[in-house]
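Notes to accompany the following structure.
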Amino acid sequence: MQTYDFDLFVIGGGSGGVRASRVAAGYGARVGIAEAFRLGGTCVIRGCVPKKLMMYASQFRSAFEDSRGYGWTLGAYVHDWAAMVAARDKEIDRLEGIYRSLLDKAGVAVFSGRAELDGPHRIRLNGEVITAKVVLLATGATPARLDVPGAEFTVTSDEVFNLRDAPRRVAIVGGGYIACEFAGIFNGLGTQVVQLHRGNQILRGFDDELRFHLADEIARTGVDLRLGVDVTAVERARDALSVYLSNGSVCEVDAVMVATGRHCATSGLRLDTVGVDVDGDGAITVNEFSRTTNPHVYAVGDVTNRLKLTPVAIHEGHAFADTVFGGQSRAISHNNVPFAVFSQPQAASVGLSEEQAKAQFEDVKIYGSSFRPMRAALSLREERSLVKLVVDGKSDRVLGAHIVGADAAEIIQGLAIALKAGARKADFDATLGVHPTLAEEFVTLRTTR
Ligand code: NDP
């Protein structure tokens with residue numbers, strides 16, 4: 001019988017790879033994992049976690065402003081970018097340490113370096129060959145760059161966390177998750193923000209009403225949101241950057257952040273040596289068990305073309321380990337995955353948008369309400385929140401829920417459980433609200449639009 005160095009070798013120590021390693025090791029597999037950068041992957045090192053810490057930092061400004069309406073008098077306040085970065089990075093170091101110790105405790109061998117495939121069951125790492133019965137690819141994705149003259153003057157979400165100072169003015173390119181989130185972060189921290197998006201509205205694929213509502217709210221917070229514009233060039237002009245736009249105008253800023261999507265990180269993996277196929281977007285092709293076109297090679301997380309979300313990668317990694325090492329076949333379901341954009345205000349959804357529902361169901365009922373949140377009453381802020389339910393008129397099943405407003409991300413989690421359980425509108429109606437909250441609107445929506 002052929003023997004291998006490992007039962008499982010994982011390439012990529014992010015959310016999906018780490019979960020798969022630990023669970024497989026728990027089933028008694030001999031597991032090795034290689035990470036080229038830092039354990040924790042995009043989410044922990046340069047994604048969800050540092051982003052959310054910076055979002056918290058940026059929210060104090062509006063809290064200070066709102067506090068006046070509630071009777072507070074504040075002295076001058078200034079933000080110390082370097083202090084925020086130092087505190088944030090200390091927390092990231094701590095989390096990375098936790099990831100390492102979880103792997104150590106699980107008995108997983110951790111390697112530092114960029115691994116590549118080297119034929120069936122063979123991995124090449126730091127000049128050595130390692131053999132494994134099963135290989136899991138969990139290398140994630142990397143930010144897209146702009147293909148325009150002067151692109152070298154721009155930063156992506158990989159570099160934005162390393163800025164030494166807050167820029168006085170920033171241009172953010174894109175209308176997706178990252179662009180909307182960083183527009184809010186920079187704006188809150190006192191930077192003048194212009195957000196440049198090529199499409200006619202932000203967040204393509206989200207519920208249309210949510211998109212329009214959120215765009216209005218983002219603009220209301222002071223972000224100069226410009227739609228239907230492409231960046232044609234970036235030029236360095238003395239200490240500043242000039243951003244040339246397709247409509248003939250030019251923006252003068254101190255930094256340009258590009259957030260135009262993420263590409264699957266397969267380059268250098270040498271997938272061809274093991275017959276692993278990629279699709280037209282360069283994503284590794286997998287079946288519902290995350291198996292690639294080579295039966296001994298699996299892939300989870302952002303390197304596949306499913307949903308690029310941390311909990312999805314974790315779910316896929318766990319299901320892979322259960323299936324291959326735990327003796328339970330677990331196909332992955334990507335239905336009713338909740339998602340949230342940590343913009344300011346936040347937006348969150350689960351299930352179908354109104355447009356998706358109308359394309360799939362004959363009788364779709366829409367319940368919704370847009371209102372001034374209570375906190376704005378005394379702060380005199382002109383903010384409006386949105387809650388919306390999309391319901392199948394025939395079965396009364398709730399197909400989708402959408403929110404724009406404070407704590408939308410926290411609220412959507414509970415709604416996701418309801419949708420996963422197949423809740424009907426009548427179940428929402430029979431549930432009592434928590435008063436006074438934004439969330440209670442979901443159980444008091446009575447009239448259709
Ligand atoms: P998104 O796919 O969300 O958005 C990309 C944006 O860039 C879109 O507005 C797109 O416009 C625009 N775009 C694409 N190509 C170009 C181009 N060549 N020139 C100009 N604009 C372009 O990607 P992000 O980079 O924001 O985030 C990557 C992924 O990471 C997300 O899809 C999400 O899965 C995940 N993520 C999740 C977060 C969360 O859960 N809170 C936070 C951050 C990231 P168009 O619509 O016209 O295609």
Side-chain angles (χ1 to χ4, degrees), residues 14-16 41-55 140-151 154-161 171-185 194-206 208 210-211 214-215 218 225-234 243-247 256-265 281-283 301-316 334 337-350 403-404 407-410 412-413 416:
S15 303
T42 302
C43 174
V44 176
I45 306 298
R46 44 194 180 188
C48 325
V49 175
K51 176 275 306 285
K52 188 143 187 217
L53 294 172
M54 288 173 71
M55 181 204 82
T142 54
R145 312 237 160 213
L146 274 190
D147 186 16
V148 297
T154 67
V155 296
T156 68
S157 58
D158 270 2
E159 300 88 27
V160 75
F161 296 110
I172 299 186
V173 187
Y177 282 83
I178 297 178
C180 293
E181 292 180 345
F182 272 88
I185 288 171
V194 53
Q195 185 179 349
L196 306 166
H197 175 44
R198 66 179 181 181
N200 65 357
Q201 192 46 276
I202 57 170
L203 295 174
R204 181 162 59 84
F206 281 63
D208 270 351
L210 175 149
R211 300 167 72 199
L214 181 63
I218 287 177
L225 175 59
R226 301 194 201 170
L227 301 172
V229 282
D230 266 311
V231 172
T232 54
V234 180
V243 183
Y244 292 85
L245 304 179
S246 50
N247 60 9
V256 180
M257 178 181 178
V258 174
T260 54
R262 294 174 63 82
H263 297 312
C264 298
D281 294 330
D302 289 4
V303 77
T304 65
N305 216 354
R306 296 178 284 189
L307 290 170
K308 286 188 168 59
L309 298 171
T310 297
V312 171
I314 291 172
H315 176 64
E316 290 167 359
H334 291 99
V337 174
F339 40 91
V341 185
F342 293 95
S343 46
Q344 296 182 31
Q346 293 177 8
S349 292
V350 61
I403 320 171
V404 177
D407 300 323
E410 301 290 345
I412 207 71
Q413 186 67 77

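Whatever order the structure lists them in is the order used to number ligands and atoms, beginning at 1.
Within the 4.5 Å cutoff, side-chain heavy atoms of R262 are placed close to those of S157. Residues V231 and Y244 have side chains not in contact (no heavy-atom distance under 4.5 Å, counting atoms from C-beta outward). Contact annotation: the side chain of L307 approaches that of V312 to within less than 4.5 Å [non-hydrogen atoms, C-beta and beyond]. Residues V173 and M257 are not in side-chain contact: their nearest non-hydrogen atoms beyond the backbone lie 4.5 Å or more apart. R306 has its side chain within reach of E316: a pair of non-hydrogen atoms, C-beta onward, lies under 4.5 Å apart. L227 places none of its side-chain heavy atoms less than 4.5 Å from the side chain of R198.
Considering backbone and side-chain atoms alike, L146 places every N or O at 3.5 Å or more from each N or O of ligand 1. Considering both main-chain and side-chain atoms, G199 never comes within under 3.5 Å of ligand 1 through any nitrogen or oxygen pair. Not one N or O of A179 is nearer than 3.5 Å to an N or O of ligand 1, by distance alone. By the 3.5 Å distance cut-off applied to N or O atoms, V341 is not counted among the residues near ligand 1.
Of the protein's non-hydrogen atoms, the one nearest atom 26 (O) of ligand 1 is I178 N, 2.8 Å. From the protein, the heavy atom lying nearest to atom 46 (O) of ligand 1 is R204 NE, 2.9 Å. Among all non-hydrogen protein atoms, the one lying nearest atom 42 (C) of ligand 1 is E181 OE1, 3.3 Å. Protein heavy atom nearest atom 7 (O) of ligand 1, with residue, atom name and distance: T260 CA, 3.1 Å. Given atom 9 (O) of ligand 1, the protein heavy atom at minimum distance is G175 N, 2.9 Å.
Near K51, the atoms of ligand 1 lying under 4.0 angstrom from a non-hydrogen atom of the residue are 41 (N), 42 (C). Ligand-side atoms of ligand 1 in range of L309: 37 (C), 40 (O), range being under 4.0 angstrom from any heavy atom. Near A259, meaning under 4.0 Å from one of its heavy atoms, ligand 1 places the atoms 5 (C), 6 (C), 7 (O), 25 (O).
Compare F182, F342, Y177 by their heavy atoms: the one nearest to atom 36 (N) of ligand 1 is in Y177. Of the candidates S157, G261, G176, the one placing a heavy atom closest to atom 23 (O) of ligand 1 is G261. The heavy atom nearest to atom 47 (O) of ligand 1, considering only R198, R262, R306, is found in R198.
At a 4.0 Å heavy-atom cut-off, ligand 1 touches K308 through backbone and side chain alike. Neither the backbone nor the side chain of L203 has a heavy atom within less than 4.0 Å of ligand 1. When non-hydrogen atoms are compared, ligand 1 lies under 4.0 Å from neither the backbone nor the side chain of A144.
Around atom CG of N247, more than 12 heavy atoms belonging to other residues, nucleotides or ligands sit under 6.0 Å away.
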Derivation of the side chain to side chain contact (heavy atoms under 4.5 Å, CB included) call for R226 and L245 = CA-CA 10 Å; R226 301 194 201 170; L245 304 179; 3.9 Å; yes
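Salt-bridge annotation for K308 and D302: absent, with no side-chain N of the basic residue lying under 4.0 Å from a carboxylate O of the acidic one.
In terms of heavy atoms, G176 sits closest to L203 at C-CD2, 3.7 Å.
Side chains of T260 and R145: a donor-acceptor N/O pair is absent below 3.5 angstrom, by distance only.
Ring to ring, F182 and Y177 are not that close: their centroids are 6.0 angstrom or more apart.
Taking 4.0 Å as the cut-off, V173 does not count as a neighbour of ligand 1 on heavy-atom distance.
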